[in-house]
Chemist: 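Attaching a single structure in structure tokens format; questions to follow.
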Amino acid sequence: MADKIQSIRGMNDILPDETPAWQFIESRLRQLLKSYNYDEIRFPIVEKTALFKRSIGEVTDIVEKEMYTFEDRNGDSLTLRPEGTAVCVRAGIQNGLLVNQQQRLWYIGPMFRHERPQKGRYRQFHQLGVEVFGLSGPDIDAELIMMSARFWKMLGLQDSVTLQLNSLGTAQAREQYRSVLVDYLQQHSELLDEDSQRRLQTNPLRILDSKNPAIQEMIEQAPRLMEHLDDESRQHFADLCAYLDSVGIAYEINTRLVRGLDYYNRTVFEWVTDKLGAQGTVCAGGRYDGLVKQLGGRETPAVGFAMGLERLVLLVQQEQLKNYIKQPHAVLLMMGERAQAAGLALSEQLRDALPKVRIFNICGGGSFKSQMKRADKSQAEIALILGDDELDKQLITVKYLRQKADNKPQQESLSQDQLIELFKTMLTKNALTEQ
RNA sequence: GCGACUAUAGUUCAACGGUUAGAACAUCGGUUUGUGGUACCGAGGAUCUGGGUUCGAUUCCCAGUAGUCGCCCCA
């Protein structure tokens, strides 16, 4: 036997067992986004490396050590997208979607980061991203948070996630705060670990996020970003909080919440869960008013978020899927060669007449008994039996597989027209539970 | 990228430095090829890869690969 070729580490197959959960989540997402009137955008998986260096930040971990970067045949440096925002902005600029316009966009698809795989963290992972351009007020920030909150309800996850909120202020305010913070940290530099020493030079705000207990203690006394906000950002944040209060969305203000990507300003938020171990962030986003200009467009306010679909799949409970998994309505048994041809034709005709009906043809023949076994395993509501007897009489035997032996007839012979009528009543009966 | 733990049928788990590596579930077949679910009978199917120690390794050691957990990072 030849050697088996394995998939790339951290890049997983999503198997038939798992796809119902994905489909469930994706269909609810589409429904949600439609209800807020957002539009889908699709863009490539590979982009020029410079796009990510310029947007995410040269000294971020993502750019420094997690990107899949390679040269193509022309010698250009290309990168598998590690996130969607930068690509969305590039596409918006390039296609003239952003100038003096408002756009509310979403996208879904795989992202790539070379990290150590863990539960809920993979090298190819999937995100849903939502980005809004051309709106600068706190109202749209609130809309995005309300939208995500609604989504948790749709998935039955409202008790599994909590909202963390912070404001980073304007770039200038952040710059000022940065130097105040660096001063403070340098006074306590003997407490800083190796990681934090390095970040002192590169991204000191991230030190606030450290899990090192000694550092956390010292951070408690550090000057707070909230206290260094400019007036406008302060008002923006207060308005946002008021909007959330007005619809009863609970949040926790976390002044240590900073983002790993450089482009954020003002509002940042994160939905977290304690049910996924170290990978607790399920959805995160914020405002990035400077990015469009930074990537060569006109100055355009923007805000967005992304959620990790793998993590949602892990959170969605099996019971919520039970109305979503769809069994066939009917399973078709074909006994003998004559019935084989007639049966295939029959199921095609049924699909012509009733596009919504789900029929599972038993292929591969076999004894009556083994076909019945397979019919049972299909979970279908009814079995259609077609053999020489039925062909001679121009009838189809219908057996009700899920009706237990009581006084009802378990089996009857129907003409094709009667069968179609039967399916119609089955479909209307199920119409409410299937959507 | 760092650390710890793990790797045996499709799956979940046994076992042993030495005959033929067991079981359950799953799969397939059979118990008159026209009646399923239960029962009974039967079949196929595995020691991650490469080195080393040893007369002999699935078992011990090393490396690789992969998974899990933590750090890191992040969605």
Chemist: Kindly indicate whether the side chain of A/R121 and the base of B/C72 share any N or O donor-acceptor pair separated by less than 3.5 Å?
Modeler: yes

Chemist: What integer number of Å spans the P atoms of B/G10 and B/U49?
Modeler: 13 Å

Chemist: Using atom P of each nucleotide, how far apart are B/U19 and B/U38 to the nearest Å?
Modeler: 38 Å

Chemist: Side chains of A/Y288 and A/E131: closer than 4.5 Å at any heavy-atom pair?
Modeler: yes

Chemist: Expressed as a whole number of Å, how far does the P atom of B/G30 sit from that of B/U35?
Modeler: 14 Å

Chemist: May I ask you to check whether over 12 heavy atoms, not counting those of A/R150, lie within 6.0 Å of atom CZ?
Modeler: no

Chemist: From CH2 of A/W152 over to C1' of B/A75, roughly how many Å is that when rounded to an integer?
Modeler: 10 Å

Chemist: Please tell me which of A/K373 and A/H126 maps to the more 5' nucleotide of RNA chain B, matching each residue to the nucleotide holding its nearest heavy atom.
Modeler: A/K373

Chemist: Can you measure A/Q6 atom CD to B/A7 atom P for me and round it to whole angstrom units?
Modeler: 17 Å

Chemist: In whole Å, measure the gap between the P atoms of B/U53 and B/C62 for me.
Modeler: 15 Å

Chemist: Counting any heavy atom closer than 4.0 Å, what does A/G10 reach on the DNA or RNA strands: base, sugar-phosphate only, or nothing?
Modeler: sugar-phosphate

Chemist: List RNA chain B stems (3 or more consecutive Watson-Crick/G-U pairs, under 3.5 Å)?
Modeler: B:1-7 with B:65-71, B:10-13 with B:22-25, B:27-31 with B:39-43, B:48-52 with B:60-64

Chemist: Roughly how far apart, to the nearest Å, are B/A21 and B/U58 at atom C1'?
Modeler: 8 Å

Chemist: Any donor-acceptor pair, under 3.5 Å, between the side chain of A/Q411 and the base of B/U35, if you only look at N and O atoms?
Modeler: yes

Chemist: When the nearest nucleotide of RNA chain B is assigned to A/E115 and to A/M335 on a heavy-atom basis, which residue is associated with the more 5' position?
Modeler: A/M335

Chemist: May I have the list of side-chain donor-acceptor pairs in residues 380-396 of chain A shorter than 3.5 Å, sequence neighbours left out?
Modeler:
residue	atom	partner	partner atom	Å
A/E390	OE1	A/G387	N	3.0
A/E390	OE2	A/T397	OG1	2.5
A/D392	OD1	A/R338	NH2	3.1

Chemist: With heavy atoms under 4.0 Å as the rule, sort A/A375 into base, sugar-phosphate or nothing.
Modeler: nothing

Chemist: In whole angstrom, give the distance that lies between atom CD1 of A/I62 and atom C1' of B/G1.
Modeler: 15 Å

Chemist: To the nearest angstrom, how far is A/Q279 atom CD from B/C72 atom C1'?
Modeler: 10 Å

Chemist: Just the rounded figure in Å: distance from P of B/C74 to CZ of A/R123.
Modeler: 16 Å

Chemist: Knowing that exactly one of A/D141, A/L257, A/L240 qualifies, which makes a side chain to side chain contact (heavy atoms under 4.5 Å, CB included) with A/L165?
Modeler: A/L240

Chemist: For A/G285, answer base if it contacts any base atom (sugar-phosphate contacts may also be present), sugar-phosphate if it contacts only those atoms, and nothing otherwise; contact means non-hydrogen atoms under 4.0 Å.
Modeler: nothing

Chemist: Rounded to the nearest angstrom, tell me the gap between atom CG in A/N12 and atom P in B/A75.
Modeler: 19 Å

Chemist: Taking N and O atoms by type only, does the side chain of A/R116 place a donor or acceptor under 3.5 Å from a partner on the base of B/C74?
Modeler: no

Chemist: Rounded to the Å, how far apart are A/I5 CD1 and B/U65 P?
Modeler: 17 Å

Chemist: Round to a whole Å and report the spacing from CD of A/E337 to C1' of B/U33.
Modeler: 14 Å

Chemist: What about A/E390: does its side chain form a donor-acceptor pair under 3.5 Å with the base of B/G34?
Modeler: yes

Chemist: Give a yes or no on whether a donor-acceptor pair under 3.5 Å exists between the nucleobase atoms of B/U33, that is its base, and the side chain of A/K369.
Modeler: no

Chemist: Can you check the distance between B/G18 and B/C25, where both ends of the measurement are the P atom (answer in whole Å)?
Modeler: 29 Å

Chemist: Quick one: ring pair (Phe, Tyr, Trp, His ring centres under 6.0 Å) pairs with a partner in residues 361-399 of chain A, sequence neighbours left out?
Modeler: none

